[in-house]
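Have a look at the structure below before the remarks.
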Protein chains: 2
Amino acid sequence: MENYTEMLRAHHLKATPQRIEITNALLINGHLTIEKLYDILLKKFNSISLATIYKNINLMIENAFIQEVKIPNAKSVYELTKEAHSHLVCEKCGSVEDLHIDLSPMKKLNLSKVDFQVNKVDMVLSGICKNCQ
Amino acid sequence: MENYTEMLRAHHLKATPQRIEITNALLINGHLTIEKLYDILLKKFNSISLATIYKNINLMIENAFIQEVKIPNAKSVYELTKEAHSHLVCEKCGSVEDLHIDLSPMKKLNLSKVDFQVNKVDMVLSGICKNCQ
DNA sequence: CTGACTGCAAACGTTTTGCACGGTA
DNA sequence: TACCGTGCAAAACGTTTGCAGTCAG
């Protein structure tokens, strides 16, 4: 928390209560849609605006504090930026979990037949989570 | 072409000129946004409606003829359904190419520590394509 | 104290819907 | 011929913008 206050200031962004609560909600919940984030923040600020959520999400994406995760057949979720990882998405309950798996071999495509310089790998594994099995 | 006419009928969908042109455009172009698809179809049908495009895209997704590909920082593209594969997206020119690479090892996650039954793997590699290097 | 941020309302772009007409089977 | 599909217009949705008041630094 204090952590993100400093991070915000380091990027010349004011550490408003709304912004701190956004990072907090993501820290606790891991992955959130705009909708759920709004619901959560409404409990803390009874008159927070969706516009504020959008403005801050976009600002924080630009500053690389958070990232959007696009998911097949579902709304995007947002998460705090951490080391590169993939995602497990449950087709039943919609839960999203991180999967830390080494995809660096994928970055060496330029050495093989396909001539493409890979900068980033986004992988989503869809299936059934532990609880839903 | 005749191919898709049959496929449509097999699914109790009428093989209208608009639908045939959609499959045709995807067959020729590989990956298209709604926007580009609309532009292409406008040249064949000077009064085609965006509503028609959307209705048909959704219908054909439901019938598994085509698939949506969600791309980081860009609009979704649509492609004809074929065997599972990944995508190479150029960050400079925006081009999308198929990459046929074996990801079946990813499906065996349930055998390891992570208990998750993987049904589908969606991977997008972002970087710089051959032409843009 | 001052510029940045919030919340509201309006605007915007994209996607969906309802309906009358037209075309496929 | 019967019904499905098209095109139009309007509506619904998610997101962005402009602005006046407020707050963090």
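Note on naming: letters A, B, ... go to the chains in the order of the sequence lines (proteins, then strands), and numbering restarts at 1 for each one. Note that the structure is predicted; figures quoted are calculated from it, not measured.
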Using a 4.5 Å cut-off on heavy atoms from C-beta on, say whether the side chain of [Y] contacts that of [X].
{"X": "Met123(B)", "Y": "Met106(B)", "result": "no"}
{"X": "Leu8(B)", "Y": "Phe65(B)", "result": "yes"}
{"X": "Pro72(A)", "Y": "Val124(A)", "result": "yes"}

Length of the [atom1]-[atom2] vector between [X] and [N], whole Å:
{"X": "Glu21(A)", "N": "dG7(C)", "atom1": "CD", "atom2": "P", "answer": "13 Å"}
{"X": "Ile34(A)", "N": "dG14(D)", "atom1": "CD1", "atom2": "P", "answer": "11 Å"}
{"X": "Ile57(B)", "N": "dT6(D)", "atom1": "CD1", "atom2": "P", "answer": "12 Å"}
{"X": "Ile53(A)", "N": "dC5(C)", "atom1": "CD1", "atom2": "P", "answer": "15 Å"}
{"X": "Arg19(A)", "N": "dG7(C)", "atom1": "CZ", "atom2": "P", "answer": "11 Å"}
{"X": "Leu50(A)", "N": "dA9(C)", "atom1": "CG", "atom2": "C1'", "answer": "13 Å"}
{"X": "Tyr38(A)", "N": "dG14(D)", "atom1": "OH", "atom2": "C1'", "answer": "13 Å"}
{"X": "Lys55(A)", "N": "dC19(D)", "atom1": "NZ", "atom2": "C1'", "answer": "9 Å"}

Notebook entry, point to check: Starting at the 5' end of DNA chain D, which residue's closest nucleotide do you reach first, Pro17(B) or Asn58(A)?
Noted result: Pro17(B)
For the side chain of [X], starting at C-beta, report the closest nucleotide among [options].
{"X": "Ile48(A)", "options": "dA4(C), dT17(C), dG7(C)", "answer": "dG7(C)"}
{"X": "Ser49(B)", "options": "dC5(C), dG5(D), dG7(D)", "answer": "dG7(D)"}
{"X": "Asn56(B)", "options": "dG14(D), dT6(D), dC8(C)", "answer": "dT6(D)"}

Notebook entry, point to check: Looking at Asp98(A) and Lys82(A), does any basic side-chain N land under 4.0 Å from a carboxylate oxygen?
Noted result: yes
Note to self: Does Lys14(B) contact dG22(C) through a side-chain donor or acceptor facing the base, at a distance under 3.5 Å?
What the structure shows: no
Checklist line | Heavy-atom donor-acceptor pair, Lys75(A) side-chain to dG14(D) base, under 3.5 Å | finding: no
Notebook entry, point to check: Looking for any heavy atom pair under 4.0 Å, which part of the strands does Ser47(B) touch: base, sugar-phosphate only, or nothing?
Noted result: sugar-phosphate
Next item on the list: May I ask you to say what Thr52(B) touches in the nucleic acid, namely base, sugar-phosphate or nothing, with a heavy-atom cut-off under 4.0 Å?
Entry: base
Margin query: Would you say that more than 12 heavy atoms from the other residues, nucleotides or ligands in this model lie under 6.0 Å from the CG of Asn73(A), or not?
Written below: no
Notebook entry, point to check: Distance check: side-chain N/O of Gln18(A) vs OP1/OP2 of dC23(D), anything under 4.0 Å?
Noted result: no
Notebook entry, point to check: Any side-chain N or O of Thr16(B) under 4.0 Å from OP1/OP2 of dT6(D)?
Noted result: yes
